[in-house]
Amino acid sequence: LPGLHVFAIAFALEVSVGKTNTVTALNNSNVLLPCVFTTCIGFQDLVFTWYFNSTELIYHGKIKNKATEPTLIWHNPRVEFVGSTTKKDNNISIVLNNVEFSDAGKYTCHVKNPKERNAQHNATIFLTVVHKMVETDNTVTIIIVSVVGGLIGLLILFMLIKRVVLFIIKKTQDGKKECLVSSSGNDNTENGLAGSKAEQKAPPKA
């Protein structure tokens with residue numbers, strides 16, 4: 001079916017920032033902003049951009065193909081590329097150096113793949129900047145675990161075994177299925193972020 005093929009192409013590109021989309025950083029430290037992308041049919045001349053608070057461009061790169069590392073088009077002097085696209089993951093993570101309180105906000109990793117009829121997708125991280133990291137008090141947790149540890153331990157072990165088995169089954173099925181990937185971010189898949197305004201704005205102060 002032609003319609004089904006178009007659906008598969010449109011939603012094959014996925015962008016992810018991992019299991020949690022919130023990052024806390026210490027003032028004046030360097031912070032990693034993770035991002036990886038996956039695509040069913042590969043990529044050619046793929047373009048990726050990082051934005052601060054949706055409009056301010058902080059990193060712009062291009063990747064010719066899977067055999068090459070990204071080339072830099074433009075970046076804020078405080079932003080450093082730390083990913084790699086020739087290894088297993090298509091990692092396009094960046095590090096923001098010398099974090100300031102004004103850096104707190106929303107960071108968006110946006111990818112556009114011409115090979116998939118210019119399919120585009122993005123994922124977002126929220127950065128919080130703090131004076132000092134606060135340690136959590138685990139005393140109560142330790143007491144509870146020691147009291148009912150035996151029972152919970154067995155339950156957790158059972159759940160872990162179950163998850164591993166399900167993961168293996170899922171991986172086996174993933175290898176067999178067609179290139180039809182559903183997107184977790186349908187609302188921002190079709191419409192890319194506008195980069196024209198972003199490039200005119202001043203970058204965060206160095």
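The figures here come from the full heavy-atom set of this structure, side chains too, leaving out hydrogens, waters and symmetry mates. Position 1 is the first residue of the sequence, and the numbers go up from there.
Taking OH of Tyr51 as the reference point, atom NZ of Lys106 lies at 12.5 Å (rounded to 0.5 Å). Taking CG from Leu72 and OH from Tyr59, the interatomic distance works out to 4.5 Å, rounded to the nearest 0.5 Å. Phe37 contributes atom CZ, which lies 10.0 Å from atom CG of Asp89 (distance to the nearest 0.5 angstrom). A distance of 10.5 Å separates CG of Leu96 from CD of Glu80, quoted to the nearest 0.5 Å. Between the NE2 atom of His110 and the OG1 atom of Thr124 there is a distance of 10.5 Å, given to the nearest 0.5 Å. Rounding to the nearest 0.5 angstrom, the gap separating the CD1 atom in Ile41 from the CD atom in Glu116 is 4.5 Å.
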**Asked** Given the rule in the side chain to side chain contact (heavy atoms under 4.5 Å, CB included) test, do Val23 and Val17 qualify, once you have shown the distances and angles that lead to the verdict?
**Response** CA-CA 11 Å; Val23 173; Val17 293; over 6 Å; no

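Not one N or O on the side chain of Lys64 forms a donor-acceptor pair closer than 3.5 Å with the backbone of Leu46. The closest donor-acceptor contact from the side chain of Thr24 to the backbone of Thr128 lies at 3.5 Å or more, if one exists at all. At distances below 3.5 Å, at least one donor-acceptor pair connects side-chain atoms of Arg78 with backbone N or O atoms of Asn97. Using a distance-only test at 3.5 Å, with no hydrogens or angles considered, a donor-acceptor pair links the side chain of Asn30 to the main chain of Asn98. Judged by distance alone, with hydrogens and angles left aside, the side-chain atoms of His60 form no donor-acceptor pair with the main-chain N or O of Ile73 at under 3.5 Å. Between the Asn113 side chain and the His121 main chain, no donor and acceptor come within less than 3.5 Å of each other. Panel note: side chain Glu69, backbone Thr85; a donor-acceptor pair is recorded below 3.5 Å. Using a distance-only test at 3.5 Å, with no hydrogens or angles considered, a donor-acceptor pair links the side chain of Asn65 to the main chain of Ala67.
Lys115 approaches Gln44 most closely through the heavy-atom pair CB-N, 3.9 Å. Here the closest non-hydrogen pair linking Leu127 and Ala25 is CD1-CB, 3.9 Å. Across every non-hydrogen atom of Ile58 and Phe52, the tightest pair is CG2-CB, 4.1 Å. The two residues Asn91 and Phe81 have their closest heavy-atom pair at O-CZ, 3.6 Å. Asp45 approaches Lys62 most closely through the heavy-atom pair CB-CE, 3.8 Å. Across Ser29 and Leu26, no two heavy atoms sit closer than the pair OG-O, 2.5 Å.
Taking Ile, Leu, Val, Met, Phe, Trp and Tyr as members and joining any whose side-chain heavy atoms lie under 4.5 Å apart, directly or through other members, the hydrophobic cluster of Val82 also contains Leu32, Val95.
Within the 4.5 Å cutoff, no side-chain heavy atoms of Val79 are placed close to those of Trp50. In this structure, Asn90 and Lys66 have side chains that are in contact, with non-hydrogen atoms separated by less than 4.5 Å.
Val36 and Leu13 fall into different hydrophobic clusters, where Ile, Leu, Val, Met, Phe, Trp and Tyr are joined by side-chain heavy atoms under 4.5 Å apart, directly or via other members. Under the 4.5 Å side-chain contact rule for hydrophobic residues, Val47 and Ile94 do not share a cluster.
Judged as a disulfide bond (SG atoms under 2.5 Å apart), the pairs with a partner in residues 83-123 (not counting sequence neighbours) are, in order, Cys35-Cys109.
Taking the six-membered ring for Trp and the full ring otherwise, Phe43 and Phe48 have centroids separated by 6.0 Å or more.
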